[in-house]
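To keep things clear, I will list the structure first and then write my remarks on it.
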Amino acid sequence: MKRFPKSIRFRFSVIFIGLMAAILLGIWAVNNWMLEGFYINQKVDSLQLAYSEMDALVIEKMSRDEYISDDFMDGVDGDNEKQARTLELLRNISDQYNITLLIIDSFNNMPLVASNRDIHFMMDRVFQYMLGRNNPKTEIMMENENYTIQKTFDPRSKSFYLESWGYYSDDRTIFIMSIPLASIRESVQLSNRFLVYVGAAAMVLGSGVMYLAMKMVTSPILQLANISEKMSSLDFEAKYQGDAQDEIGILGKSMNALSDKLKETIGELKSANNELQKDIQEKIQIDEMRQEFIANVSHELKTPIALIQGYAEGLTEGLAEEKESRDYYCEVIMDEANKMNKMVRQLLTLSALESGNDHASMERFDLTELIGGVLSSARILIEQKGASLEFACGHPVYVWADEFKIEEVVTNYVSNALNHLAGERKIEIRVEELEETVRVTVKNTGEPIPEEDLPNIWTKFYKVDKARTRAYGGSGIGLSIVKAVMDSHNKECGVDNVEDGVEFWFVLDSKKEA
């Protein structure tokens, strides 16, 4: 099957891979440039929530004229119930939000509770903030009446922290909460690296799945393209074999119907074209036959007309003064006129037969009697030619045909045999009775007809030996009349070269057709 470098499969695969790459690149960009900001905002919310939860406890104690510092008068190792509740809240804040927390009693600047061991550093930082001594890289994220949330750089660890510091609602308890931001940056890097791995695997796997899916979609399309290519080469045998009920299946069935319709239509067009070519060829043949007929008639009439004109002029000019010479001139003129008259009558007969205007009048008659009559009329000519005649059929043989036309056939056969006698100068006529037909054969001894001339002897004006034909006054029309008569009877006629001569034959029905 033909492959296309810019096929639908190729284009869809490129689009799919490009789309996946764009999505993965977009996710990577969002992850790289926006995840940290989103994380910081979430941690700001966490600091606010931690402040709110702790401040709610402070407000609750204030309502009972208590302070949170009272819970830790015995130290953080005390086991009273109030201290346990406060410590549990601080522990939840530290674990849930990953917050480092320090609480200081502002009356005696004493740390009450701390979630790490770096208490003095955190105390120093919160006091510095209260005195307005912030690091130049500090970025205020949120500022409230009691507390401030800011992003601060720690020169010791060379990393950024998110810190919340200020007073609780009792205006006595100082706090500072801190969340490191280094972990988020590491998380972003790990996330991006993981995204690259997952994205690469997803692209490979997705491309394979896309290729297989597109192959399932494009295979029937390529099959339809192959069928259409064969249809363009007028090959309508290929058919779409799919049985899907989707759009491609409907298209395939439509192409099959189109293929059948085109095959039928082109077949009809070819048939019509063949008929047209046949009509054109027939018209050309008719024109050629007409031209050939005119040329042949002109040629055949030219000689007798010239003789008649020459001898008539001789008589006019007194060249034949003696009676014997005048009689000779007149005989030549009459003989040539008779030849012209005979040829004209033969042409009229042949024209009527070929045009179909002279229909055969079918009747039952004795063929033996008809042949005998023809031979009786030609007896003088037979004697002049010195021919011996053999016709042995002595009983009636009845046939169905046009008696007048069959007489013309027999006359032409006998005349043709007399004009081509040679050797033993013998003519033999046979009548063979078959099951439902009768075959008549007229044989004469003499030279055989050249094999290349046999198919043409039935053609008008065709002469095998033109000089000899002219000598006995033949026009080349007699056998054409025989052929036309037998065609009008829908029967066969023919000629065969035999050992010592030539025999012509024709066939007639001996039994009337139903």
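- With sequence neighbours excluded, no residue forms a salt bridge (charged side-chain N to carboxylate O under 4.0 Å, His left out) with Asp124.
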**Request:** Apply salt bridge (charged side-chain N to carboxylate O under 4.0 Å, His left out) to Lys483 and Asp487, showing your working.
**Result:** CA-CA 6 Å; Lys483 179 66 172 158; Asp487 287 344; 3.5 Å; yes

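- With no hydrogens or angles considered, a side-chain donor-acceptor pair links Ser169 and Asp55 at under 3.5 Å.
- Judged purely by atom type and a 3.5 angstrom limit, Ser510 has no side-chain atom pairing as donor or acceptor with the backbone of Val438.
- Taking Glu268 as the reference, nothing meets the side chain to side chain donor-acceptor pair (under 3.5 Å) condition, with sequence neighbours excluded.
- Proximity of a side-chain donor or acceptor of Ser94 to a complementary backbone N or O of Ile99 within less than 3.5 Å is detected.
- Counting only distance, with no hydrogens or angles, the side chain of Asn497 and the backbone of Ile449 share a donor-acceptor pair below 3.5 Å.
- Each of Val409, Asn416, Asn412 was evaluated against Phe504; a single residue qualifies, Asn416, per the side chain to side chain contact (heavy atoms under 4.5 Å, CB included) test.
- With respect to Asp509, the side chain to side chain contact (heavy atoms under 4.5 Å, CB included) criterion is satisfied by exactly one of Arg364, Met362, Lys491: Lys491.
- Contacts classified as salt bridge (Lys or Arg N to Asp or Glu O under 4.0 Å) and involving residues 187-205 (residues at least two apart or in different chains) are not found.
- Between the side chains of Thr173 and Asp170, at least one donor N or O sits under 3.5 Å from an acceptor N or O.
- Side chain of His489 to main chain of Leu508: no donor-acceptor pair is present (N/O by atom type, distance under 3.5 Å, no hydrogens or angles).
- Legend: ring-ring contact (aromatic ring centres under 6.0 Å, His included) pairs involving residues 124-153, not counting sequence neighbours, sorted by first then second residue: Tyr51-Tyr147, Tyr129-Trp165, Phe153-Phe160.
- The side chain to side chain donor-acceptor pair (under 3.5 Å) check on Glu60 picks up Arg64, Arg85, with sequence neighbours excluded.
- For residues 94-110, the set of pairs meeting the salt bridge (Lys or Arg N to Asp or Glu O under 4.0 Å) definition, not counting sequence neighbours, comprises Asp105-Arg172.
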